[in-house]
Amino acid sequence: MVALTLPDGRVRRYDGALSGAEAASDIGSGLAKAALAVRVNGDLRDLSCELEEDAEISVVTLKDDDELVLDLLRHDAAHVLAEAAKELYPGIQVTIGPAIADGFYYDFSREEPFTPEDLEAMEARMHEIVDRDEKVVREVWERDAAVELFKSMGEHYKAEIISEIPEGEPITLYRQGDFIDLCRGPHLPSTGRLGHAFKLTKLAGAYWRGDARNEMLQRVYGTAWRNDKELRGYLHRLEEAERRDHRRLGRELDLFHFQEEAAGMPFWHPRGWTLYRTVEAYMRRRLEDAGYVEVKTPQLVDRALWEASGHWEKFRENMYTSESEERIFALKPMNCPCHVQIFNQGVKSYRELPLRMAEFGSCHRYEPSGSLHGLMRVRGFVQDDAHIFCTDDQINSETRRFCDLLMGIYRDFGFEEVQARFSDRPEVRAGSDETWDKAEGALRDAVEEAGIAYTLNPGDGAFYGPKLDFELTDAIGRRWQCGTLQVDFVLPERLDAEYVGEDGVRYRPVMLHRAILGSFERFIGILVEQYAGGFPLWLAPVQVAVTTITRDGDEFAGKVAERLESAGLRVTLDTSAEKINYKVRLHSHAKVPVIVAVGKREAEDGSVSIRRLGSREQQSLALDEAVVRLSEEARAPGA
RNA sequence: GCCGGAUUAGCUCAGUGGUAGAGCAGCUGAUUUGUAAUCAGCAGGCCGGCGGUUCGAAUCCGCCAUCCGGCUCCA
C-alpha cells in the first residue's frame with residue numbers, strides 16, 4: 001500500500017509502487033499532460049521516479065510560480081545546449097552546465113574558439129532538439145563503469161567529476177537521444193517540454209573550477225523562461241539596464257569621460273563635477289552633524305609607513321610607486337595608516353574617544369585591466385572614509401550610530417532597501433577569542449538594534465577583525481555593496497596607537513574602518529543608473545532651463561535666470577532662435593528637471609510657465625512664487 | 001592577468017583590396033515660433049597605434065593599446 005498526500009490534503013491510496021507520471025495521470029489527464037516533475041516530501045524528482053512509500057507529493061507544472069521550475073527548465077536547457085554542441089562539434093568536451101539567475105550556462109573544452117555564428121548555430125540546433133522531443137531517461141551507473149564510459153568518449157572532465165563524487169552517492173546519468181550526461185537531475189521527461197522560450201546570449205572564457213591556474217574553458221550563456229512573454233520581459237529588462245548604463249549616460253549627459261592615457265581614472269566634466277560636489281557637500285554636512293572631524297592626508301607616502309602598516313607585504317601588487325631622492329614612495333591605496341599618524345600626534349586621553357576621523361581620501365590602486373568598468377571599478381577614486389578610534393566597550397554604540405547614519409543617507413539618495421552581511425572570525429586571525437567574542441557580539445547587536453536585515457557570512461571576516469557589509473537595492477532590483485564597517489585590532493598595534501585611560505595607564509584603541517558610499521566614483525555611477533540620469537532636483541547638475549518662446553521674452557528670461565541663480569539654483573539660459581518645441585526636446589533629453597518657458601505673455605505679467613521633466617503639464621506661476629518654490633524644493637536633505 | 005569580440009567624424013553607425021559615407025550634433029544664414037526635431041548652406045576623418053603582405057590596405061596578417069562581455073581578483 002502506498003498513500004500519497006496531495007497539496008490539498010486529499011490522500012490517494014495505491015496497491016503498489018508507481019511512478020510520478022502514473023500518479024499524475026491518476027489525478028487527472030490534464031495534469032499528466034502538464035506535468036514536468038514531482039515534488040516528493042519537498043524534494044524535486046523526475047516524473048519517472050518510483051513512489052514506493054507514503055509521501056506528500058505535488059505535481060510540478062509550468063504554472064507553479066516557483067524559482068525551482070525555472071531552475072528545472074534552465075538545467076534542461078543547459079543539457080540541450082550540450083547535446084547541440086556535441087552534435088555540431090565532434091571532439092568537444094562537455095564539463096558542467098548549471099542553472100543560474102535568469103538562465104544557464106555550459107562550459108566546454110575545445111581547441112577552436114566559438115564565434116557568434118556558432119552561437120546561432122547551436123541555438124538553432126537546440127530548437128531542433130526540442131522539436132525532436134527526445135525522451136530523457138535516468139540511469140544509475142556503477143562508478144567504474146561510468147568513468148570508463150566517459151573516458152571512452154574522450155570526456156575527461158566528466159570522468160574527473162565522477163571520481164570526486166563521494167562514495168555511497170549514486171552515479172546518475174541522463175540520456176536523451178544519442179546524448180548522455182552525468183547529472184544529479186532531476187530533469188524534464190522529454191526535451192520537447194523545454195519549449196522554445198530560450199536564447200543563447202553570450203560567449204565568455206571561464207577557468208575550469210574557477211581557478212586561474214586551470215584551463216580556460218569556453219562558456220556559453222543562455223536564458224530560458226516558461227514562455228515567450230517571460231522571455232520578452234527578461235530581454236526588456238536587459239534593455240532597461242542598458243538604457244540606464246552610467247557609461248552611456250555619462251557621455252550623453254556630459255558628466256565625465258575616460259581616455260586611454262589614464263585608463264580607470266575619470267575626467268570629470270563640469271556637469272559631472274557639479275554632481276560630485278553636491279554629493280560631497282551633502283556628505284560633509286551629514287558627517288559634521290554625526291560628530292566626525294575631517295582631515296586630509298598625503299597622497300604619496302614613503303614605503304616605510306606601508307611596511308609598518310603591513311600594506312607593503314599584503315597589498316604591494318596593487319600599489320603604484322614612485323621614486324625620488326633615492327626613496328620609494330607609494331600612492332596611498334588606503335587612508336588608515338595616515339589617520340593613525342594624526343591620532344598619534346600628542347597624547348590622547350580616553351576623554352577624546354570615540355574619535356571619528358573622516359577623510360574624502362583620494363586613493364589609487366592598480367586593478368587588473370580586465371576588471372575596470374566605467375565608474376564602478378576604477379584605479380583612482382575617492383573614498384568617503386573614516387576611522388573611529390574607540391574602546392572595546394564603544395564598538396556597539398559606535399556601530400549602532402553608524403548604522404543609523406548609513407540608513408539615513410541611503411534613504412536621502414532614494415534607496416529604501418538595505419541588507420547587511422555579517423562576517424565573523426576566519427580560521428587565520430589576529431587577537432584572542434575573547435576579543436573576537438566581544439567584537440562580534442557588539443556588531444550583531446548593533447545591526448539588530450538598527451533594524452537592518454542581515455545574513456551571516458561565517459568565517460569571512462578579515463584576519464584583523466569582524467565586519468559588516470551593507471548592500472543597497474536599486475530601482476531595477478540590482479544589489480550594490482557600498483557601505484562597510486570593519487573592526488580592526490591589528491593596525492593600532494602595528495602603528496602603535498594608544499590613549500591614556502582613566503587610571504593613567506596606556507591602552508590600545510580599537511579602530512573601526514567605515515565607509516557609506518564606498519567611493520564617490522562608484523556611488524555616483526550607481527546614482528546615475530538608479531535615476532537613469534533623471535536626478536531629483538537637489539542632485540541635478542542643471543536644475544532649471546530657462547527658455548524663451550519669442551524674442552519678446554529675452555530680457556525677462558535673463559531676469560528670471562538671474563533671480564533663480566541668486567536663489568542658489570543651477571540654471572541654464574536658452575535664448576536661441578529655435579522653436580519652443582525644439583528647446584523642450586533638447587532640455588528634456590539633457591534631463592533637466594525643470595523647464596521654465598518665457599514668452600510675450602509672461603514678460604508682460606511677470607510670470608513663468610513651468611514644465612517638469614517627463615510631464616506634459618504646464619504650471620503658470622508668478623516669478624516671485626516660482627523662485628521661492630523651486631529653491632525650497634531644490635534644497636539638499638539636511639541643508 | 002586570462003578567453004572571446006570590438007575600435008571609421010563629437011555621437012550612432014554604413015562601407016570585404018582600387019580617390020572615405022549617412023543621420024544627429026557643430027558652425028553660418030534665414031525663420032520669431034506657446035511646450036519633445038523650422039529651413040538652407042558650410043565645415044568636420046593619420047579609418048586606435050606600430051610593423052608586415054600587396055602595384056595598391058579602413059578592408060588581409062602580426063604585435064601593442066583601449067573599450068565591451070565574461071573568468072580570476074577585489075586584504
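All chains are named by letter (A, B, ...) in the order of the sequence lines, taking the proteins before the strands, and each is independently numbered beginning at 1.
Rounded to the nearest Å, the gap between the P atom of B:G62 and that of B:C13 is 26 Å. Comparing B:U59 with B:U53, their C1' atoms sit 13 Å apart, to the nearest whole Å. Separation of the C1' atoms belonging to B:C67 and B:G52 is 25 Å when rounded to the nearest angstrom. Separating the P atom of B:U72 from that of B:C2 is a span of 16 Å, rounded to the nearest Å. When the C1' atom is used for both B:C24 and B:C63, the distance is 37 Å, rounded to whole Å. Using C1' as the reference atom, B:C39 and B:U31 are 8 Å apart when rounded to the nearest Å. Look at the P atom in both B:C61 and B:G23: the space between them is 32 Å, to the nearest Å. B:C47 sits 11 Å from B:A57 when the C1' atoms are compared, rounded to a whole Å.
In this structure the side chain of A:Ser109 reaches within 4.5 angstrom of the side chain of A:Leu217, judged on heavy atoms.
For B:U35, there is no paired nucleotide, since no Watson-Crick or G-U wobble pair has both relevant distances below 3.5 Å. The partner of B:C2 is B:G70, judged by Watson-Crick or G-U wobble contacts that both fall below 3.5 Å. Within the shown strands, nothing qualifies as a pairing partner of B:A58 under the Watson-Crick or G-U definition with both distances less than 3.5 Å. Judged by Watson-Crick or G-U wobble contacts below 3.5 Å, the nucleotide B:G41 has B:C27 as its partner. Remark: B:C63 base-pairs with B:G49; criterion is Watson-Crick or G-U wobble with both hydrogen-bond distances under 3.5 Å.
Under 4.0 Å is where a charged nitrogen must lie from a carboxylate oxygen, and between A:Arg209 and A:Asp211 no such pair does. A:Glu633 has no carboxylate O lying under 4.0 Å from a charged side-chain N of A:Arg629, or vice versa, which leaves the two without a salt bridge. Using a 4.0 Å cut-off between a side-chain N of Lys or Arg and a carboxylate O of Asp or Glu, A:Arg563 and A:Asp624 qualify as a salt bridge. Salt-bridge formation is not detected for the pair A:Asp474/A:Arg479: no Lys NZ or Arg NE/NH1/NH2 atom is positioned less than 4.0 Å from an Asp or Glu carboxylate oxygen. Under a 4.0 Å N-O distance rule, the pair A:Glu240/A:Arg244 qualifies as a salt bridge. Contact check on A:Arg478 versus A:Glu529 returns a salt bridge, with a Lys/Arg side-chain nitrogen under 4.0 Å from an Asp/Glu carboxylate oxygen.
The ring-ring contact (aromatic ring centres under 6.0 Å, His included) search around A:His246 returns none, not counting sequence neighbours.
A:Gln383 places its CD atom 16 Å from the P atom of B:C74, with the value rounded to the nearest Å. Separating the CZ atom of A:Arg377 from the P atom of B:C68 is a distance of 13 Å, rounded to the nearest angstrom. Distance A:Phe463 CZ to B:C74 P: 14 Å, rounded to the nearest Å. Separating the NZ atom of A:Lys467 from the P atom of B:C74 is a distance of 10 Å, rounded to the nearest angstrom. With rounding to whole Å, A:Asp102 atom CG is found 12 Å from B:G70 atom P. For A:Leu119 and B:G70, the CG to C1' distance is 13 Å, given to the nearest whole Å. The CG atom of A:Asp211 sits 15 Å away from the P atom of B:C71 (whole-angstrom rounding). Taking atom CD on A:Glu367 and atom P on B:U72, their separation rounds to 16 Å, with Å as the unit.
Between A:Asp245 and A:Phe315, the residue anchored nearer the 5' end of RNA chain B, judged by the nucleotide with its closest heavy atom, is A:Asp245. In this structure, A:Tyr366 and A:Pro333 both approach RNA chain B, and ranking their closest nucleotides by distance from the 5' end singles out A:Tyr366.
Checked against the 6.0 Å centroid criterion, the rings of A:Tyr106 and A:Phe108 qualify as a close aromatic pair.
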Taking it one step at a time, do A:Asp118 and A:Tyr89 satisfy side chain to side chain donor-acceptor pair (under 3.5 Å)? CA-CA 10 Å; A:Asp118 290 326; A:Tyr89 311 104; 2.9 Å; yes
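The residue from A:Phe104, A:Tyr105, A:Phe114 that alone fulfils the ring-ring contact (aromatic ring centres under 6.0 Å, His included) condition with A:Tyr221 is A:Tyr105.
Annotation: side chain to side chain donor-acceptor pair (under 3.5 Å) contacts involving residues 585-602 of chain A, sequence neighbours excluded, comprise A:Asp574-A:His587.
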Distances under 3.5 Å between nitrogen or oxygen atoms of protein and nucleotides 33-38 of chain B:
| unit_1 | atom_1 | unit_2 | atom_2 | d |
| --- | --- | --- | --- | --- |
| B:U33 | O4 | A:Ala577 | O | 2.3 |
| B:G34 | O6 | A:Lys600 | N | 3.1 |
| B:G34 | O6 | A:Arg601 | N | 3.0 |
| B:G34 | N1 | A:Glu602 | OE1 | 2.9 |
| B:G34 | N2 | A:Arg601 | NH2 | 3.4 |
| B:G34 | N2 | A:Glu602 | OE1 | 3.1 |
| B:G34 | N2 | A:Glu602 | OE2 | 2.3 |
| B:U35 | O3' | A:Arg611 | NH1 | 3.3 |
| B:U35 | O2' | A:Arg611 | NH1 | 2.2 |
| B:U35 | O4 | A:Ser609 | OG | 2.3 |
| B:U35 | O4 | A:Gln618 | OE1 | 3.4 |
| B:A36 | OP1 | A:Asn581 | OD1 | 3.4 |
| B:A36 | OP2 | A:Arg611 | NH1 | 3.3 |
| B:A36 | OP2 | A:Arg616 | NH1 | 3.3 |
| B:A36 | O4' | A:Asn581 | O | 3.4 |
| B:A36 | O4' | A:Arg585 | N | 3.4 |
| B:A36 | N7 | A:Arg611 | NH2 | 3.0 |
| B:A37 | N7 | A:Arg585 | NE | 3.1 |
| B:A37 | N7 | A:Arg585 | NH1 | 3.3 |
| B:A37 | N7 | A:Arg585 | NH2 | 2.7 |
| B:A37 | N6 | A:Arg585 | NH2 | 2.8 |
| B:U38 | O4 | A:Glu578 | OE1 | 3.4 |

Using the 3.5 Å cut-off, write out each protein N or O paired with an N or O of nucleotides 9-16 of chain B and the distance between them.
| unit_1 | atom_1 | unit_2 | atom_2 | d |
| --- | --- | --- | --- | --- |
| B:C11 | O3' | A:Arg251 | NE | 3.4 |
| B:U12 | OP1 | A:Arg251 | NH2 | 2.8 |

Identify each atom pair where a protein N or O and an N or O of nucleotides 64-67 of chain B are less than 3.5 Å apart, giving names and distance.
| unit_1 | atom_1 | unit_2 | atom_2 | d |
| --- | --- | --- | --- | --- |
| B:A65 | O2' | A:Glu260 | OE2 | 3.0 |

Pairwise N/O distances under 3.5 Å, protein to nucleotides 3-7 of chain B:
| unit_1 | atom_1 | unit_2 | atom_2 | d |
| --- | --- | --- | --- | --- |
| B:C3 | O2 | A:Gly205 | N | 3.2 |

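Taking only distance into account, the side chain of A:Tyr207 meets the base of B:G1 through a donor-acceptor pair shorter than 3.5 Å.
A:Val608 approaches A:Ala626 most closely through the heavy-atom pair CG2-CB, 3.6 Å.
A:Lys202 comes within 4.0 angstrom of sugar-phosphate atoms only, judged by non-hydrogen atoms across all strands, and of no base. Within the 4.0 angstrom heavy-atom criterion, no nucleotide atom of any strand lies near A:Gly310.
Ring-plane geometry between A:His513 and A:Tyr464 is classed as tilted, the angle between the planes lying from 30 to 60 degrees on a 0 to 90 degree scale.
For CD of A:Glu261, the number of neighbouring non-hydrogen atoms (other residues, nucleotides, ligands) closer than 6.0 Å is greater than 12.
Put simply, CD1 on A:Ile516 and CG on A:Asp384 are 6.0 Å apart, with the number rounded to the nearest 0.5 Å.
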